[in-house]
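Here's the structure, in structure tokens; my notes come after.
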Amino acid sequence: MRLSLIWQEATTGLRRNVSMVISVILVTFISLTFVGTAVLLQMQIGEMKNYWYDRAQVAVYLCTADSPTETCTAGAATDDQKASITSQLEGETLAPFIDEFYFEDHQLAYENFQKQFEGNELASLVVPEQLNETYWVNLVDPSQSEVLVEAFSATPGVEEVTDQRQYLDAIFQVLSVASYTAIGIAGLMLVAAVLLIATTIRLSAYSRRKEIGIMRLVGASNRFIQTPFILEGVFSAVIGSILAGAAVIGIVHYFITGYLAPRMPFVNFVNISDAFVVVPVLILVGMVLAAFSANFAIKRYLKI
């Protein structure tokens, strides 16, 4: 009987403050959608790092006739210099670090350049001799690229040694900034949700001040009085959390799995199973914040 009475009090409060309840639902929905998106973005960054870092190559660019570096004062790399570099890559010192490598000559570099910049005016201005011949090296452990940089940075015939991970780091930094921005916006929205829930509970308590006075007179405990108000806040937040979870699943299903994945098959995207991992977290966060803010608000109102 006490449980039915508590639930009756909670539903009464929800009916009296419909507009505020809808506001709580919407604010919670928007803020937790940002939270879920940020979490998925961090998961996506992790997936991409695991995929691309393992495939990142080290490029040993050889000198061309126009290379300005000190190791290229004699002009384009000679056959003897190429043979020396090949022997170093195959030698006992570097071989344990190298998974495989291949050589890209001027003509192959030119063909790849034309494919990459097809339709660009720049493609018609370049001749094969202007492009660096390159040794592309896959390492057993991509994090050990410094071994190749140290081995070839001062080698005659080598213009530059580049670890492709430095380009990936720039991309991942941009994605991380976007993720942290989403987290920041979500944090502000969650603060707004907490304040809105607290305000809603205080208004609900004020509208039922006579009932609360009667409850106190007949000896109702503080917990019995507080519980309906806490349920009001939790109910509103849970609805918003469920909507946020549905939005996250929809984003993954329609935008990532349905749109991006078929167009970018070389990227390992997050999937529906990842989204279903995030949804319970969103619901739990919504419930905890709502319970905390509602409990705080009603205690302040009742001065207990």
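All values below were derived from every heavy atom in this structure, side-chain atoms included, with hydrogens, water molecules and symmetry-related copies excluded.
- Within 6.0 Å of the OH atom in Tyr259, the count of heavy atoms belonging to other residues, nucleotides or ligands does not exceed 12.
- For the residue pair Gln130 / Asp66, no side-chain donor-acceptor distance below 3.5 Å is found, with atom types taken as modelled.
- Atom OH of Tyr110 sits about 14.0 Å away from atom CD of Glu104, to the nearest 0.5 Å.
- In this structure, the side chains of Thr64 and Glu129 stay at 4.5 Å or more apart for every pair of heavy atoms.
- Defined by atom type and a distance below 3.5 Å, a donor-acceptor pair is missing between the side-chain atoms of Asp80 and Thr78.
- The shortest side-chain heavy-atom distance between Thr37 and Thr33 falls under the 4.5 Å cut-off.
- Crowding of Phe103 atom CZ: a count of heavy atoms from other residues, nucleotides or ligands under 6.0 Å exceeding 12.
- Under the 4.5 Å side-chain heavy-atom criterion for ILVMFWY residues, a single connected hydrophobic cluster contains both Met287 and Val285.
- In this structure, the side chains of Thr155 and Gln88 come closer than 4.5 Å at one or more pairs of heavy atoms.
- For the pair His106 (side chain) and Leu131 (backbone), a donor-acceptor distance under 3.5 Å is present.
- Side chain to side chain, Ser67 and Tyr61 fail the donor-acceptor criterion of an N or O pair below 3.5 Å.
- Side-chain contact between Leu89 and Thr86 is absent, with no heavy-atom pair separated by less than 4.5 Å.
- No side-chain heavy atom of Glu160 sits less than 4.5 Å from a side-chain heavy atom of Phe152.
- Within the 4.5 Å cutoff, side-chain heavy atoms of Ser241 are placed close to those of Thr28.
- Here CD of Gln57 is found 9.5 Å from CG of Leu139. Values are rounded to the nearest 0.5 Å.
- Looking only at side-chain heavy atoms (C-beta outward), Phe97 and Val140 stay at 4.5 Å or farther from each other.
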